[in-house]
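Contents: one structure, followed by commentary.
Numbers for residues simply follow the sequence, beginning at 1.
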Amino acid sequence: MSVITTGKTFANGEQLSADKLNLMLDNATFSNDAVDLTSTFVDSNGAIVVRDSGITTSKIADTAVTTAKIADSNVTKAKIEDVADMKVLGNTSGSATAPQEVSVLDEDDMVSDSDTSLATQQSIKAYVDASSPFIPSTYSGEESVTLPNGLIMKWGVVEDSPSGNTGVNIVTFGTAFPTAIINVQASWSTTNTSFTNPVYIKGGSVSTTGLTINNLSGTADVYWQAIGY
């Protein structure tokens with residue numbers, strides 16, 4: 001069994017020369033005995049060629065394929081598109097790590113309350129649209145509303161504020177502010193012409209449970225507003 005076909009065949013009695021030896025070696029080609037004909041073959045020029053099917057995973061050593069050996073243009077969507085339904089590739093671990101599948105939730109009520117999942121545009125719109133705006137049925141007495149960012153607004157009216165230097169109106173909130181008040185305002189009704197001096201919030205009287213409004217003369221309805229959280 002010969003794996004090489006020499007480039008020169010000598011006849012019996014033929015004179016041996018350097019040129020003929022060079023021809024024997026320089027023009028030598030591989031024979032089919034040099035290949036397995038499955039993963040490799042001998043082409044028409046007598047060279048050994050590796051078939052495309054002959055390059056298998058078992059022939060590639062672990063960690064042998066490096067980033068530098070992969071062209072950017074070859075990292076295509078088709079190479080990474082085997083992602084489960086309603087998943088995207090991302091990282092929600094809180095530190096650097098390999099990408100992983102992140103859930104995409106389509107929940108109109110946001111019931112999962114997940115801090116590691118994404119929401120669909122449709123579910124966000126449905127959740128916002130379903131959030132009822134604050135539309136009070138009456139403004140008599142205290143009203144209170146909590147805004148989406150946690151800010152709380154309370155307001156009301158103190159009727160027939162007593163006159164005189166000692167006139168006071170104590171306002172007690174129906175429900176206290178959980179943490180603090182950041183602003184209070186008071187004003188008197190412009191329909192009452194007998195009220196000549198402005199009202200004011202008594203210094204040191206403001207708390208999460210209420211406030212005190214003073215007036216110096218006249219009688220009027222005093223409107224108040226408190227903002228806190």
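- Transitive grouping of hydrophobic side chains (ILVMFWY, heavy atoms separated by less than 4.5 Å) brings V104 and V102 into a common cluster.
- With sequence neighbours excluded, no residue forms a ring-ring contact (aromatic ring centres under 6.0 Å, His included) with F30.
- A donor-acceptor pair is defined here as one N or O able to donate and one able to accept, closer than 3.5 Å; no such pair exists between the side chain of K154 and the backbone of G174.
- A distance of 6.5 Å separates CE in M153 from CG in L147, rounded to the nearest 0.5 Å.
- To the nearest 0.5 Å, atoms NZ (K69) and CG (N74) are separated by 13.5 Å.
- Applying the side-chain hydrogen bond (donor to acceptor under 3.5 Å, both in side chains) rule to pairs touching residues 84-100 yields K87-S103, N91-S93, sequence neighbours excluded.
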Identify each donor-acceptor pair in which a side-chain atom of residues 50-64 lies under 3.5 Å from a protein atom, sequence neighbours left out, and give them as a table.
from : atom 1 : to  : atom 2 : distance (Å)
R51  : NE     : T38 : O      : 3.3
R51  : NH2    : L37 : O      : 3.4
T56  : OG1    : S58 : OG     : 2.9

Review point. Can you list the steps and then say if V157 with V222 is a side-chain contact (heavy atoms from CB on, under 4.5 Å)?
Key: CA-CA 6 Å; V157 58; V222 177; over 6 Å; no
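- Counted within 6.0 Å of CD on Q121, heavy atoms from surrounding residues, nucleotides or ligands total 12 or fewer; the atom is thus considered open.
- The number of heavy-atom neighbours closer than 6.0 Å to CD of Q225, taken from other residues, nucleotides and ligands shown, is above 12.
- Using a 4.5 Å heavy-atom cutoff, the side chains of S144 and I152 are in contact.
- If you take CD on Q185 and CD1 on I227, they are separated by 7.5 Å, rounding to the nearest 0.5 Å.
- By the 4.5 Å side-chain criterion applied to Ile, Leu, Val, Met, Phe, Trp and Tyr, V83 is assigned to a cluster that also includes L89.
- Contact record, S207 with I181: O-CD1, 2.8 Å, taken as the closest heavy-atom pair.
- Between K20 and E14 the shortest heavy-atom distance is NZ-OE2, 3.0 Å.
- Taking all atoms of both residues into account, the shortest heavy-atom contact from L105 to S114 is CD1-CB, 4.3 Å.
- One finds the CG atom of N27 at 9.5 Å from the CG atom of N22 (value rounded to the nearest 0.5 Å).
- To the nearest 0.5 Å, atom CG of residue L118 and atom CG of residue D106 are 12.5 Å apart.
- Note that OG1 of T120 is 6.0 Å distant from CE of M86, once rounded to the nearest 0.5 Å.
- T29 is not listed as a side-chain neighbour of V42, based on a closest heavy-atom distance of 4.5 Å or more.
- The shortest heavy-atom contact between A119 and M110 is CB-CE, 4.1 Å.
- When every heavy atom of S73 is checked against every heavy atom of T76, the shortest pair comes out as O-CG2, 3.3 Å.
- With contacts defined as side-chain heavy-atom distances shorter than 4.5 Å, the pair Q122/D108 qualifies.
- By the 4.5 Å heavy-atom criterion applied to side chains, L211 and F173 are counted as neighbours.
- Taking all atoms of both residues into account, the shortest heavy-atom contact from G228 to L151 is O-CD1, 3.5 Å.
- Counting non-hydrogen atoms of neighbouring residues, nucleotides and ligands closer than 6.0 angstrom, the CD1 atom of I48 exceeds 12 such neighbours.
- Between the side chain of N45 and the main chain of A47, no donor-acceptor pair closer than 3.5 Å is present.
- Residues L16, L21, M24, L25 make up the rest of the hydrophobic cluster containing F10, defined by ILVMFWY side-chain heavy atoms closer than 4.5 Å, directly or through other members.
- In this structure, Y127 and E107 have side chains that are not in contact, with every pair of non-hydrogen atoms separated by 4.5 Å or more.
- By the criterion of side-chain heavy atoms lying less than 4.5 angstrom apart, applied directly or through intervening Ile, Leu, Val, Met, Phe, Trp or Tyr residues, I170 is not grouped with W224; the two fall into different hydrophobic clusters.
- Apart from F41 itself, the hydrophobic cluster it occupies contains V49, where clustering links Ile, Leu, Val, Met, Phe, Trp and Tyr at side-chain heavy-atom distances under 4.5 Å.
- Heavy atoms of other residues, nucleotides or ligands lying less than 6.0 angstrom from CG of D72 number 12 at most.
- By the rule that hydrophobic residues join a cluster once side-chain heavy atoms approach within less than 4.5 Å of another member, I182 and V145 end up as members of one cluster.
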